[in-house]
2 protein chains.
Amino acid sequence: MRTELPVLPELRLDIPRPDVAEAAATAAVLGDPVRAGILALLRSGPHCVCEMAAALGERQNNVSNHLARLRRAGLVRASRHMVDARWVYYERAEPACAAALDRLGSLLR
Amino acid sequence: MRTELPVLPELRLDIPRPDVAEAAATAAVLGDPVRAGILALLRSGPHCVCEMAAALGERQNNVSNHLARLRRAGLVRASRHMVDARWVYYERAEPACAAALDRLGSLLR
DNA sequence: AGCCCATCTCAGCAGGAACTGATACGATCC
DNA sequence: GGATCGTATCAGTTCCTGCTGAGATGGGCT
């Protein structure tokens, strides 16, 4: 197959570099199965670490590591349980998730 | 801060593992600055490899490598120029891009 | 106080992905 | 035909990232 329009190949070598650093960083955070699984789990409401570790079949410290990265990205929030504060419950930070999806939309429209 | 509702921490350890393999793979493809830059560039229409390499400040073979991965993911299509078939022009595969954004939306709502 | 529990953090290692350099391919021009 | 151009592919190196194990932290129970 061949492109149709331009009669002569006029190269454009002065195109400015698009700023995609934030979008790529966002995608990189979602690009791991464990982190993606965590976000999917949290769509149905808050969960504690051990619940997510069991659902994903991963070790707790591994899940905790990924949660730390999601926290640094601002996509989730942690809060201790009201009755037994040993349990740490995580929930999605909805505005940040919406903003993240917007950034990805700026790549894929 | 503490979560409010549950009086006793009743753990749910039987949550099924969500299927996020495709969404995570899609995000991983977008998670590189060069690939994200390519997709951003192609939003304004088709471009050949050397144009994108110049705009991104990357070497041609490196850009070509990333294009191959985007091609394998189905996000872009390649076609040779009508007049001078040495130039390979790339354009976005819109349906696949829309599907990719849908998969990411299934994680972020 | 001591002990247990859920979670966090970190150094170390192992696997994979990205960049490089060289080479090969397909196409045009002479 | 040979030379050159734009691009693709591949092995090698480097760099990054995820998993592991052990220890630390903070909270609850007796």
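Each chain gets a letter, A, B and so on, in the order the sequences are listed, and its residues count up from 1.
- Against DNA chain C, the stretch residues 57-64 of chain A makes heavy-atom approaches under 4.0 Å through A:Gln60, A:Asn61, A:Ser64.
- A close approach under 4.0 Å does occur between a side-chain nitrogen or oxygen of A:Tyr90 and OP1 or OP2 of C:dC8.
- Between B:Tyr89 atom OH and C:dA27 atom P there is a gap of 17 Å when expressed in whole angstrom units.
- A:Asp32 is linked by a side chain to side chain contact (heavy atoms under 4.5 Å, CB included) to A:Val34, A:Arg35, A:His66, counting only residues two or more places apart in sequence or in another chain.
- Between C:dA6 and A:His81, no contact under 4.0 Å exists linking OP1 or OP2 to a side-chain N or O.
- Residue A:Leu56 contributes atom CG, which lies 15 Å from atom C1' of D:dG18 at whole-angstrom precision.
- Contact between the side-chain N/O atoms of B:Arg69 and the OP1/OP2 oxygens of C:dA18 is found at a separation under 4.0 Å.
- Rounded to whole Å, atom C1' of D:dT7 lies 10 Å from atom CG of B:Leu67.
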Please tabulate, one pair per line, each protein N/O and nucleotide N/O from nucleotides 11-13 of chain D that are separated by under 3.5 Å, including the distance.
none

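- For A:Ala25, the side chain to side chain contact (heavy atoms under 4.5 Å, CB included) criterion is met by no residue, not counting sequence neighbours.
- In terms of the salt bridge (Lys or Arg N to Asp or Glu O under 4.0 Å) criterion, residue partners of B:Arg12 (sequence neighbours excluded) are, by chain and number, B:Asp14.
- Few gaps surround CD on A:Glu94; more than 12 heavy atoms of other groups in view lie less than 6.0 Å from it.
- For A:Arg103, the side-chain hydrogen bond (donor to acceptor under 3.5 Å, both in side chains) test picks out A:Thr26, with sequence neighbours left out.
- Contacts between residues 27-43 of chain A and DNA chain C, counted as heavy-atom distances below 4.0 Å, involve no residue at all.
- The CG atom of B:Leu101 sits 5.5 Å away from the CG atom of A:Leu101 when rounded to the nearest 0.5 Å.
- Distance alone, capped at 3.5 Å, is enough to place a donor-acceptor pair between the B:Arg17 side chain and the A:Leu56 backbone.
- B:Trp87 places its CH2 atom 16 Å from the P atom of D:dT4, with the value rounded to the nearest Å.
- Of the candidate nucleotides D:dG26, D:dT7, D:dT9, D:dT7 has the atom nearest to the side chain of B:Cys50.
- Of the candidate nucleotides C:dA18, C:dA27, C:dT9, C:dA27 has the atom nearest to the side chain of B:Arg80.
- Distance, B:Met82 CE to C:dT28 P: 12 Å, rounded to whole Å.
- B:Arg86 has no side-chain polar atom (N or O) that falls below the 4.0 Å cut-off from OP1 or OP2 of D:dT4.
- Summarising the geometry, the separation between NE2 on A:His66 and P on C:dT7 is reported as 16 Å, rounded to the nearest angstrom.
- In terms of the side chain to side chain contact (heavy atoms under 4.5 Å, CB included) criterion, residue partners of B:Arg86 (sequence neighbours excluded) are, by chain and number, B:Asp84.
- In terms of hydrophobic clustering, with Ile, Leu, Val, Met, Phe, Trp and Tyr side chains grouped at heavy-atom distances under 4.5 Å, A:Val76 and B:Ile15 are assigned to a common cluster.
- Residue B:His47 contributes atom NE2, which lies 17 Å from atom C1' of D:dG6 at whole-angstrom precision.
- Under the side-chain hydrogen bond (donor to acceptor under 3.5 Å, both in side chains) criterion, A:Arg71 pairs with A:Tyr90, not counting sequence neighbours.
- In this structure, A:Met52 places its CE atom 15 Å from P of C:dA6, rounding to the nearest Å.
- The side chain to side chain contact (heavy atoms under 4.5 Å, CB included) check on B:Cys97 picks up A:Leu108, B:Leu75, B:Arg92, with sequence neighbours excluded.
- Each of D:dG27, D:dG18, C:dA18 was ranked by its minimum atom distance to the side chain of A:Ala85; first place goes to D:dG27.
- Residue A:Tyr89 is not grouped with residue A:Leu39 when hydrophobic side chains (ILVMFWY) are merged at heavy-atom distances under 4.5 angstrom, including chains of intermediate members.
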